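Scroll down for the structure; my scribbles are underneath it.
Here the structure is a predicted model, which means the values were calculated and not measured.
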Amino acid sequence: MEKSKKKMNYNYAFVFYDVNEKRVQKVFKVCKKYLSHFQFSVFRGDITPSKLIELEHELKMVIDDEEDFVCIIKLINDNVFGEDILGKRDKSTGEDLII
């Protein structure tokens, strides 16, 4: 008997990418529409399941599958992971200004 696969409703995501410089700005703009810029080629933040589908679709339209790499880490919420930041963060993203 086959187990039914339960569809998860992810509400938080990390995106990091390594794409050809011809497409960096396009990928950046797509990610910026949905998530907060965290560091260089890394975005993160709250996202609805439907917006996550839109994000993935838009990224697929921009990247070249043969040259580019995009990873989306999906989480149920922002309380299920630990985060340690080591070293100097070169630039502020504005997230630290949110009270």
Under the salt bridge (Lys or Arg N to Asp or Glu O under 4.0 Å) test, which residues partner Lys51, sequence neighbours left out? Glu54
Tell me, which pairs form a salt bridge (Lys or Arg N to Asp or Glu O under 4.0 Å) where one or both residues lie in residues 9-28, sequence neighbours left out? Arg23-Glu67, Arg23-Asp68
Does the separation of the ring centres of Phe28 and Phe43 fall below 6.0 angstrom? yes
Rounded to the nearest 0.5 Å, what separates atom CG in Asn11 from atom CD1 in Ile76? 7.0 Å
Rounded to the nearest 0.5 Å, how far does CD1 of Ile63 lie from OH of Tyr17? 12.0 Å
Please check if Tyr10 and Ile53 belong to a single hydrophobic cluster, counting links between Ile, Leu, Val, Met, Phe, Trp and Tyr side chain heavy atoms closer than 4.5 Å. no
Contacts of type side-chain hydrogen bond (donor to acceptor under 3.5 Å, both in side chains), residue Lys33, not counting sequence neighbours: Glu58
Residue set satisfying side chain to side chain contact (heavy atoms under 4.5 Å, CB included) with Gln25, at least two apart, ordered chain then number -> none
According to side chain to side chain contact (heavy atoms under 4.5 Å, CB included), who are the partners of Ile73, at least two apart in sequence or on a separate chain? Phe14, Phe16, Cys71
Apply the test side-chain contact (heavy atoms from CB on, under 4.5 Å) to residues Leu55 and Val15: give CA-CA distance (whole Å), side-chain angles for both, the deciding distance (0.1 Å), then the verdict. CA-CA 10 Å; Leu55 169 63; Val15 175; 4.0 Å; yes
Separation between OG1 of Thr48 and OH of Tyr34, rounded to the nearest 0.5 Å: 9.5 Å
Report the distance from atom CG of Leu35 to atom CD1 of Ile72, rounding to the nearest 0.5 Å. 8.5 Å
Evaluate side-chain contact (heavy atoms from CB on, under 4.5 Å) for Asp64 paired with Asn20, printing each intermediate quantity in order. CA-CA 9 Å; Asp64 179 335; Asn20 186 295; over 6 Å; no
Tell me every residue that passes side chain to side chain contact (heavy atoms under 4.5 Å, CB included) with Asn9, counting only those two or more places apart in sequence or in another chain. Pro49
